[in-house]
Amino acid sequence: MTTMKGSCLFSLLLAGLGVLGILEPTTTEDMHCHRAEHPIIAYKEIAPWLHVFKAKDAVDFSQLTFDPGQKELIAGARNYLFRLNLEDLSLIQAVEWQCDEATKRACYSKGKSKEECQNYIRVLLVGGKHLFTCGTNAFTPICTNRTLTNLTEIHDQISGMARCPYSPQHNSTALLTSSGELYAATAMDFPGRDPAIYRSLGALPPLRTAQYNSKWLNEPNFVSSYDIGNFTYFFFRENAVEHDCGKTVFSRAARVCKNDIGGKFVLEDTWTTFMKARLNCSRPGEIPFYYNELQSTFFLPELDLIYGIFTTNVNSIAASAVCVFNLSAITQAFNGPFKYQENSRSAWLPYPNPNPNFQCGTMDQGLYANL
Ligand SMILES: *[C@@H]1O[C@H](CO)[C@@H](O)[C@H](O)[C@H]1NC(C)=O
Ligand SMILES: *[C@@H]1O[C@H](CO)[C@@H](O)[C@H](O)[C@H]1NC(C)=O
Ligand SMILES: *[C@@H]1O[C@H](CO)[C@@H](O)[C@H](O)[C@H]1NC(C)=O
Ligand SMILES: *[C@@H]1O[C@H](CO)[C@@H](O)[C@H](O)[C@H]1NC(C)=O
Ligand SMILES: *[C@@H]1O[C@H](CO)[C@@H](O)[C@H](O)[C@H]1NC(C)=O
Ligand SMILES: *[C@@H]1O[C@H](CO)[C@@H](O)[C@H](O)[C@H]1NC(C)=O
């Protein structure tokens with residue numbers, strides 16, 4: 001594994017609304033790799049400091065969150081939710097969350113396997129004194145709102161459609177804002193052909209990315225999401241539309257304004273502030289070596305930095321890297337020039353940013369939507 005730390009920047013930005021833009025890098029710093037070798041520590045050596053939690057029948061642990069009130073860890077596994085002691089991972093509460101037989105039977109009848117027709121927890125979010133959690137529920141996603149101090153106490157059960165994937169294979173991400181809006185980036189349908197960044201719950205109108213429009217999202221694998229300032233950010237990888245020779249995956253940062261209320265008329269359920277940029281994690285050189293596929297991120301709010309783990313494209317030499325992105329640089333990138341494509345056959349040309357000093361809630365949404 002190659003570890004690199006560098007201020008990586010973007011080369012590409014796509015605005016929604018059919019204006020597809022590419023951003024030139026604003027600044028680029030060399031990446032430094034100070035050490036030739038990196039220490040590797042064997043599991044056995046750290047074992048004395050490890051605590052392990054296991055439960056009979058619980059597999060596919062996939063979600064982990066923190067309850068700051070009780071200082072507990074909450075874990076989501078297939079068909080189970082667990083509350084664990086933060087210090088030693090001792091069990092506080094285990095809650096079974098299975099699909100009912102009728103739902104399973106319907107799932108089998110659609111040709112899905114016994115493994116797939118289970119409840120895989122994919123959303124696990126703490127909001128105040130409640131836990132909002134969703135599971136695939138045998139390809140019939142559902143969400144529940146539970147009391148954090150007693151997870152068997154369910155306040156509310158709603159559809160998980162557009163909040164949680166149908167398939168346990170689909171990668172998704174979601175967050176809850178302090179005002180109660182849920183932002184989810186997931187496949188919205190059973191076959192997984194309709195990916196979206198979707199806002200629901202709360203007081204603001206539900207909004208989504210344009211449907212079946214590859215310039216917005218092109219077979220994305222969503223990785224993470226963050227609520228930062230006036231925006232929600234989404235990190236993912238997707239097939240690159242701007243790459244004309246063969247299929248390539250690029251990584252993206254996308255952003256919407258939290259106060260977006262949608263466009264007018266036919267665009268009333270669509271974001272007007274959606275933008276995305278390419279994350280350039282590469283080793284510089286005459287021919288840069290790209291780590292194109294984002295796998296995981298970590299946000300450090302104190303320094304406004306986003307760390308990402310990237311791998312090379314599957315059909316290239318296997319390698320991985322860590323890149324760090326400065327959020328203020330991301331903001332600058334979104335204020336810079338775009339690239340624009342007249343139609344699907346023409347070249348990408350530089351295009352002035354239609355709104356260079358972009359601020360949420362200041363633009364004429366109808367006008368922008370007509371661009
Ligand atoms: C969960 O239920 C509580 C109490 O009814 C409510 O205040 C909260 O907004 C709900 N959360 C979500 C995400 O629906
Ligand atoms: C948790 O909630 C369930 C369902 O409301 C209830 O039956 C149970 O007694 C509660 N447990 C505790 C420890 O309060
Ligand atoms: C989801 O992400 C994992 C890890 O990167 C990957 O192996 C898997 O293929 C992805 N799922 C889909 C449906 O692409
Ligand atoms: C990505 O960054 C490298 C420097 O590490 C630069 O040489 C390259 O041109 C950038 N790629 C794009 C597509 O902007
Ligand atoms: C992030 O970028 C801003 C402006 O470009 C700069 O002032 C700041 O020092 C950078 N932060 C880090 C941690 O590099
Ligand atoms: C959020 O947006 C408002 C209105 O557009 C602006 O006044 C404020 O400075 C923005 N806050 C941040 C942190 O950018």
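We count ligands from 1, going down the list as the structure has it; atoms in each ligand are counted the same way.
Of the options Ile228, Thr331, Asn230, a side-chain contact (heavy atoms from CB on, under 4.5 Å) to Arg255 is made by Thr331 and by none of the others. With respect to Glu238, the salt bridge (Lys or Arg N to Asp or Glu O under 4.0 Å) criterion is satisfied by exactly one of Lys276, Lys247, Arg278: Lys276.
The SG atoms of Cys143 and Cys134 are placed within less than 2.5 angstrom of each other.
Summarising the hydrophobic clusters (Ile, Leu, Val, Met, Phe, Trp, Tyr; side-chain heavy atoms under 4.5 Å, direct or chained), the residues clustered with Leu84 are Phe53, Phe61, Leu64, Phe66, Leu73, Tyr80, Phe82, Leu86, Leu89, Leu91.
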Between ligand 1 and the protein, which N/O pairs are shorter than 3.5 Å?
{"residue": "ligand 1", "atom": "2 (O)", "partner": "Asn145", "partner atom": "ND2", "Å": "2.2"}
{"residue": "ligand 1", "atom": "11 (N)", "partner": "Asn145", "partner atom": "ND2", "Å": "2.9"}
{"residue": "ligand 1", "atom": "14 (O)", "partner": "Asn145", "partner atom": "ND2", "Å": "3.4"}

Can you list, pair by pair, the side-chain donor-acceptor contacts under 3.5 Å of residues 193-208, counting residues two or more places apart and other chains?
{"residue": "Asp194", "atom": "OD1", "partner": "Arg208", "partner atom": "NH2", "Å": "2.9"}
{"residue": "Asp194", "atom": "OD2", "partner": "Arg208", "partner atom": "NH1", "Å": "3.3"}
{"residue": "Asp194", "atom": "OD2", "partner": "Gln211", "partner atom": "NE2", "Å": "2.9"}
{"residue": "Arg199", "atom": "NE", "partner": "Pro205", "partner atom": "O", "Å": "3.2"}
{"residue": "Arg199", "atom": "NH1", "partner": "Lys258", "partner atom": "O", "Å": "3.0"}
{"residue": "Arg199", "atom": "NH1", "partner": "Asp260", "partner atom": "O", "Å": "3.1"}
{"residue": "Arg199", "atom": "NH2", "partner": "Pro205", "partner atom": "O", "Å": "2.8"}
{"residue": "Arg199", "atom": "NH2", "partner": "Asp260", "partner atom": "O", "Å": "2.7"}
{"residue": "Ser200", "atom": "OG", "partner": "Arg163", "partner atom": "NE", "Å": "3.0"}
{"residue": "Ser200", "atom": "OG", "partner": "Arg163", "partner atom": "NH2", "Å": "3.4"}

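Within the structure, the ring-ring contact (aromatic ring centres under 6.0 Å, His included) test picks out the following pairs touching residues 94-138 (sequence neighbours left out): His130-His155.
Inspection of the Ser251 and Tyr291 side chains reveals no N or O donor paired with an N or O acceptor under 3.5 Å.
Within the listing of ligand 5, atoms 1 (C), 2 (O), 3 (C) sit less than 4.0 angstrom from a heavy atom of Ser328. Of all atoms in ligand 2, listed by their number and element, those nearer than 4.0 Å to a heavy atom of Thr152 are 1 (C), 2 (O), 3 (C).
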